[in-house]
Asker: 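Please read through the structure below; I'll follow up with questions.
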Amino acid sequence: MSFHLHKFPLLSRSGVMERLIAEASDEEEKCSICLPDIPGGAKTFELVAKFCYGVKLELTASNVVYLRCAAEHLEMTEEYGEGNLIVQTETFLNQVVLRNWKDSLRALQTCDDIISYADELNITKRCIESLAMKASTDPNLFGWPMMEHGGPMQSPGGSVLWNGISTGAKPKNTSSDWWYEDASNLSLPLYKRLILVMESRGIRQEIIAGSLTFYAKRYLPGLYRRQGASDSNSSTCLAPVASGAPLSEEDQKILLEEIDRLLPIQKGLVPTKFLFGLLRTAMILRASPSCISNFEKRIGLQLDKATLEDLLMPNFSYSMETLYNVDCVQRILEHFLAMDQITGGASPCSADDGQIIGSPSLTPITMVAKLIDGYLAEVAPDVNLKLPKFQALAASVPDYARPLDDGLYRAIDIYLKSHPWLSESDREQLCRLMDCQKLSLEACTHAAQNERLPLRIVVQVLFFEQLQLRTSIAGCFLVSDNLDGSRQLRSGITGSTEGGWASAVRENQVLKVGMDNMRMRVSELEKECSNMRQEIEKLGRVKGSSTWGNVSKKFGFKLKSQMCSAQEDSVSNQKNGSGKLEKLKGKAQEKHKS
């Protein structure tokens, strides 16, 4: 752009213009000067020229940085006139812009275009220090309007202003995240410098992590699989900035790696779902291995807060055959178990009866075990999932973390159904992952009729199911005796009423039905065991006269003698039981001795 100006107004205010005009004054009729490096370009130079002509400038937060840098570039010092442009712009910066949050933010945004000039004059640093100081201070402590990104103006007395008039109403308390949205308008280099300064000032890690989360949600649109996956407070922040075009994949990758460097590796700072979103995005954008590993570590610290949907991450690599990224889940689980070892919750104590007493981290690791079992059931139908990989993930969960193995049994059953070509040895090896003694009665009933399980496992399941039924029957008799004794005591002291008799009759009926069902189930199991023994003898797997004791030893049953003797005693003590129960007991003893 060309400007037709007089020489004297320019050289009387600028040292650079004075020298350039002197060098070009050889031609009296025409003096042409080229200024290619003016900070802010032609628009800023036009304001400088007006200032040289004595026109009063309106300094704002949007133009003061350009004018300050241009004045420094043109050497517009006090030597060339009192109240020159350097002094005026510097005074406006210190007394107006840096005292106000909104103006400091706008001035910092203008530094992007002339960052080298602004850094040389420490304008960028001063703006960042001003913002960091205001963000680390409770705005409710101030009577002036420090927060101006949409909040109400306040009078020195603290009341809300309307058209400059005090209304007497007090403003609402401001939360610590009031500056998140304003800071997210900054470019990544300036935002990074702001966060680093805030950390140096001792702002809490939770606040820093919250700002990073807000910034990431704004510029990384692929963090969540769908709009509804995020919470209601952040669902409107998933799209990129409305004022500019979406970031390119390369820019998103750079942003993701910077967030990894700025985000502390600490449990509970950010939601687990958000971390999974960062991890998926890092895999899609081919981020650095260290970036992906750090996100996995952060997820591992709080894996007990994850959901099954979070773990189902598709494979984004063409070299992998499986549908879901099982290796990634394996690494995340290993990080969680390593953290569990450090916190001292890896090996809870066991009581004499085999029940887990518990440890400080038993509840989280139990939740993770349930989560992994559910994940195994989801990935089991994948025909490309190899047996060693499935076994490795299932075996990574400690035994004490599973109170019941029903979830693991379900996953194994689905895997066997989807991989019918597995050999008998592979099936047995897979089924060894679960403990038949930790299956519920419903799972035992299903497993006893499951044709996909190896014969050895079925026999073990039948044995332990019969044991559970006998224990349940013994427990029912003990409860029945206790109820009878309590009823007799109540009747002797307070007398019987019609309602008491009715409830007693109902309880007796319920107990009778439950005991009858258990007797029938025990009878069925004895028949099944008898048929199974005959089949084993036919197959020649048991040679000679096989007894039930030999079969139990051959199939590896591990029972405590104290448990069996205690259960037999509890059953034998019920001498007032019905005749049917005595027959059932005799039949079970004959079966055990045959």
Asker: Do N63 and T60 touch side chain to side chain, with heavy atoms closer than 4.5 Å?
Answerer: yes
Asker: For R432, what residues pass the salt bridge (Lys or Arg N to Asp or Glu O under 4.0 Å) criterion, not counting sequence neighbours?
Answerer: E428
Asker: List in chain and number order the residues that pass salt bridge (Lys or Arg N to Asp or Glu O under 4.0 Å) with K297, two or more places apart in sequence or in another chain; answer none if no residue qualifies.
Answerer: none
Asker: With a 3.5 Å distance limit and no angle check, can you tell me whether E296 reaches the backbone of I332 through a side-chain donor-acceptor pair?
Answerer: no
Asker: For residues C127 and T124, determine if any side-chain heavy atom of one lies less than 4.5 Å from a side-chain heavy atom of the other.
Answerer: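 Side chain of C127 against side chain of T124, heavy atoms only: no contact under 4.5 Å found.
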Asker: List in chain and number order the residues that pass salt bridge (Lys or Arg N to Asp or Glu O under 4.0 Å) with R13, two or more places apart in sequence or in another chain; answer none if no residue qualifies.
Answerer: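 None.
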Asker: If I compare all heavy atoms of S104 with all of L131, which pair ends up nearest, and what's the gap?
Answerer: CB-CD2, 3.8 Å
Asker: What salt bridge (charged side-chain N to carboxylate O under 4.0 Å, His left out) pairs are there with at least one residue in residues 381-393, not counting sequence neighbours?
Answerer: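 Listed once each, the pairs are D327-K389.
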Asker: Near E334 CD, under 6.0 Å, is it more than 12 heavy atoms from other residues, nucleotides or ligands?
Answerer: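 Buried by this count: over 12 neighbours within 6.0 Å.
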Asker: Could I get the full list of side-chain hydrogen bond (donor to acceptor under 3.5 Å, both in side chains) partners for D260, not counting sequence neighbours?
Answerer: N294, R298
Asker: Mind checking what makes side chain to side chain contact (heavy atoms under 4.5 Å, CB included) contact with Y80, not counting sequence neighbours?
Answerer: E18, T77, N84
Asker: Could you pull out all residues at least two apart from T91 that satisfy side-chain hydrogen bond (donor to acceptor under 3.5 Å, both in side chains)?
Answerer: none
Asker: Minimum heavy-atom separation for S418 to V383, with atom names?
Answerer: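 Shortest heavy-atom contact: O-CG1, 3.9 Å.
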Asker: Is the backbone N or O of G300 less than 3.5 Å from a side-chain atom of K267, with the two atoms forming a donor-acceptor pair by type?
Answerer: no
Asker: Spell out, as yes or no, whether a donor-acceptor pair under 3.5 Å connects the side chain of H73 to the backbone of C69.
Answerer: no
Asker: Name the orientation class of the two ring planes belonging to Y215 and Y219 (parallel below 30°, tilted from 30 to 60°, perpendicular beyond 60°).
Answerer: tilted
Asker: Side chain of Y324, backbone of L311: donor and acceptor closer than 3.5 Å?
Answerer: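 Looks like no, no N/O pair under 3.5 Å.
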Asker: Restricting to salt bridge (Lys or Arg N to Asp or Glu O under 4.0 Å), what partner residues turn up for R193, sequence neighbours left out?
Answerer: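 R193 satisfies salt bridge (Lys or Arg N to Asp or Glu O under 4.0 Å) with D119 only.
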Asker: Nearest 0.5 angstrom please: S440 OG to L404 CG, how far?
Answerer: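 Result: 6.0 Å between the selected atoms.
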Asker: Between the side chain of Y66 and the main-chain N/O of C111, is any donor-acceptor distance below 3.5 Å?
Answerer: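 It does not hold such a pair.
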Asker: Using only heavy-atom distances, determine whether the side chains of N384 and T322 contain a donor-acceptor pair under 3.5 Å.
Answerer: no
Asker: With no hydrogens and no angle check, do the side chains of R218 and S184 hold a donor and an acceptor under 3.5 Å apart?
Answerer: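 Judged by distance alone, the side chains do pair up.
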Asker: Please list, chain by chain and in numerical order, all residues satisfying ring pair (Phe, Tyr, Trp, His ring centres under 6.0 Å) with F51, sequence neighbours excluded.
Answerer: none
Asker: Please check this pair: side chain of E258 against backbone of K192, looking for a donor-acceptor N/O pair closer than 3.5 Å.
Answerer: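 No; judged by distance alone, with no hydrogens or angles, the pair does not exist.
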Asker: Within the 4.5 Å heavy-atom criterion, are P39 and E72 side-chain neighbours or not?
Answerer: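 Of all side-chain heavy-atom pairs linking E72 with P39, none is under 4.5 Å.
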Asker: What donor-acceptor contacts under 3.5 angstrom involve side-chain atoms of residues 367-378, with partners at least two apart or in another chain?
Answerer:
| unit_1 | atom_1 | unit_2 | atom_2 | d |
| --- | --- | --- | --- | --- |
| D373 | OD1 | R402 | NE | 3.1 |
| D373 | OD1 | R402 | NH2 | 2.9 |
| D373 | OD2 | R402 | NE | 3.1 |

Asker: Is a side-chain donor or acceptor of N100 paired with a backbone partner of D103 at a separation under 3.5 angstrom?
Answerer: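 Present.
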Asker: Under a 3.5 Å distance rule, please check whether S211 uses its side chain to pair with a backbone N or O of I208 as donor and acceptor.
Answerer: no
Asker: Any pair with a residue in residues 74-92 that passes salt bridge (charged side-chain N to carboxylate O under 4.0 Å, His left out), sequence neighbours left out, goes on the list, sorted by first then second residue, please.
Answerer: R19-E75, R68-E90, E90-R126
Asker: Not counting sequence neighbours, which residues clear ring pair (Phe, Tyr, Trp, His ring centres under 6.0 Å) with F295? List them please.
Answerer: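 In terms of ring pair (Phe, Tyr, Trp, His ring centres under 6.0 Å), with neighbours along the sequence ignored, F295 is linked to no residue.
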Asker: Is the backbone N or O of L247 less than 3.5 Å from a side-chain atom of Q252, with the two atoms forming a donor-acceptor pair by type?
Answerer: yes
Asker: Determine whether C328 and M313 make a side-chain contact, defined as any pair of heavy atoms from C-beta on separated by less than 4.5 Å.
Answerer: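 In short, these two side chains touch, coming nearer than 4.5 Å.
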Asker: Within the side chain of T110, is there an N or O that forms a donor-acceptor pair under 3.5 Å with the backbone of V65?
Answerer: no
